[in-house]
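Remarks on the structure that follows.
Hydrogens, waters and symmetry mates play no part in the numbers below; they use all other heavy atoms, side chains included. Ligands are counted one by one from 1 in listed order, and the atoms in each one are counted from 1 as well.
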Amino acid sequence: MIRTRFAPSPTGSLHVGNARIAVLNWLFTRHHGGTFVLRIEDTDVDRNVPDAEAGIREDLLWLGLDWDEGPGQGAYGPYRQSERTELYQHHARRLLDDGRAYRCFCAGDSADETTGRRERCACAALTPEAAERRRGEPHALRFLVPRARTVAIDDVVRGRVEVASDEIVDFVLIRSDGRPTYNFAVVVDDIEMRISHVIRGVGHLSNTPRQALLFDALGAGRPAFAHVPMVLGPDRQKLSKRHGAAAMAEYRAQGFHPDGLLNYLSLLSWSSPSGEDVLTRKQLIAEISLERIGVADAMFDPAKLRWLSAKHIERMPLDALVAAVSPFVDRDRFPLDVGRLTAAVAATRTHYSTFADVNEQLEAFFPEGDVVVAPTGSAVIDAAVDVLARLAEWNESALRDALGAIGRSTGTKGRALYEPLRAALTGREHGPPLHAVLFVQGRDRVIEALRGVRRLAREP
Ligand code: GLU
């Protein structure tokens with residue numbers, strides 16, 4: 001049974017790096033019909049940000065990453081580390097009783113995982129009785145790292161990684177203030193939550209030998225580990241805002257298609273066996289495999305992200321696209337009803353990278369400043385006022401026919417017919433199909449604009 005977890009610390013919103021870890025865990029889990037767990041790693045109280053957990057949930061759901069277990073839901077909870085203190089104490093006690101851990105009374109080590117020195121702390125030599133007598137004194141609990149062993153990890157992505165246990169200092173499990181360290185809490189949780197696959201950033205690879213030793217000491221099987229490469233900016237520095245990388249909440253606010261983002265994040269260290277870049281959620285689930293995750297650092301490419309968002313928008317059914325762009329429309333500038341908005345979107349639908357592009361697209365239907373009157377074409381404009389003012393139905397097909405009638409009555413077609421009208425209505429040479437412009441602007445506005453232009457043209 002595949003069980004994975006995404007274990008964010010609630011220190012802020014989801015960024016490209018950790019969102020992509022969530023994406024890989026989720027795709028892998030859904031591929032195998034497994035269980036995806038959301039665990040909140042909030043033991044570092046000073047770094048916790050209020051509402052960050054709610055933000056992370058919102059970001060995950062926006063990306064379409066639902067979880068099967070998480071705070072308030074599931075049989076292996078609680079799912080916030082801050083609510084699991086007793087469990088950590090219980091396992092710490094076991095290690096202490098088994099002689100796998102010892103109390104360390106050295107000053108200044110409460111927050112540190114290591115003492116910074118290789119040789120074993122003198123506290124390890126205290127007899128259990130002596131240590132028990134001093135238990136009222138402030139102390140941390142350290143893991144007694146077995147000596148002269150090779151800790152080997154068969155990482156799914158990176159292959160075999162070996163570390164000599166003598167390189168590992170007796171690290172802290174429980175700080176003197178009672179809080180578990182990251183390495184200890186994560187192992188207890190991964191055991192208790194029956195996690196089968198740990199898929200996370202390569203930054204945690206250096207923690208893995210310590211965690212592996214803890215799995216062994218607690219008598220639990222180790223999960224499979226898959227350490228995913230880093231995401232860097234084009235300058236090979238750690239990815240940041242400077243590189244145009246935004247938080248998920250910002251991408252959402254900027255109107256990116258969530259499937260475009262999901263697609264992009266999945267491609268950061270993985271590629272489809274088909275060689276395709278544009279992949280639906282369904283295709284991603286079907287095709288994902290840890291074996292195809294590479295070891296090279298991934299490079300963040302904002303242009304590709306935008307392109308993928310455009311590709312996913314292009315594939316949307318029209319009504320879904322209209323619903324998606326609707327919240328982004330600047331209603332003061334473009335007070336369109338849903339029918340006219342739909343016509344405008346239909347006429348421009350291959351031009352969107354984000355839903356927020358709708359305003360730029362709507363601009364093409366309306367003049368920006370003063371309309372320049374075409375020197376020729378006043379006959380076309382006169383005819384248009386007559387025909388359009390009398391048109392029984394103001395819809396796109398009636399307008400298409402009306403344009404034909406205007407052409408016939410003035411003996412014009414093509415540019416001679418369309419250019420003066422387009423110029424009069426939008427002030428531009430190019431733009432969406434003219435019947436769509438007429439429909440979106442609406443009859444009153446069209447007639448008013450054409451009459452205005454005709455008046456201007458007649459003035460000496
Ligand atoms: N809370 C850790 C992080 O955000 C997760 C560590 C893990 O996946 O083991 O990096």
*Going by atom types only, do T208 and H227 share a side-chain donor-acceptor pair under 3.5 Å?*
yes
*Heavy-atom contacts with E41 under 4.0 Å: which atoms of ligand 1 show up? List them by number with element.*
1 (N), 2 (C), 5 (C), 6 (C)
*Do me a favour and list the nearest non-hydrogen protein atom to atom 8 (O) of ligand 1 with residue, atom name and distance?*
R5 NH1, 2.7 Å
*Taking all heavy atoms of F105 and all of A131, pick out the closest pair and write down the distance.*
CZ-O, 3.7 Å
*Closest non-hydrogen protein atom to atom 4 (O) of ligand 1, residue and atom name please, with distance?*
A7 O, 3.6 Å
*Could you tell me if the ring centre of H204 sits under 6.0 Å from that of Y182?*
yes
_N or O contact, V186 vs ligand 1, cut-off under 3.5 Å_ = no
*asked:* For atom 6 (C) of ligand 1, what's the nearest protein heavy-atom neighbour? Residue, atom name and distance, please.
replied: Y182 OH, 3.2 Å
_Minimum distance, heavy atoms only, to atom 3 (C) of ligand 1: which one of Q81, R200, H204, H227 is it?_
H204
_Salt-bridge present (R57, E53; N to O < 4.0 Å)_ = yes
*Is it true that E363 and R428 make a salt bridge, defined as a side-chain N closer than 4.0 Å to a carboxylate O?*
no
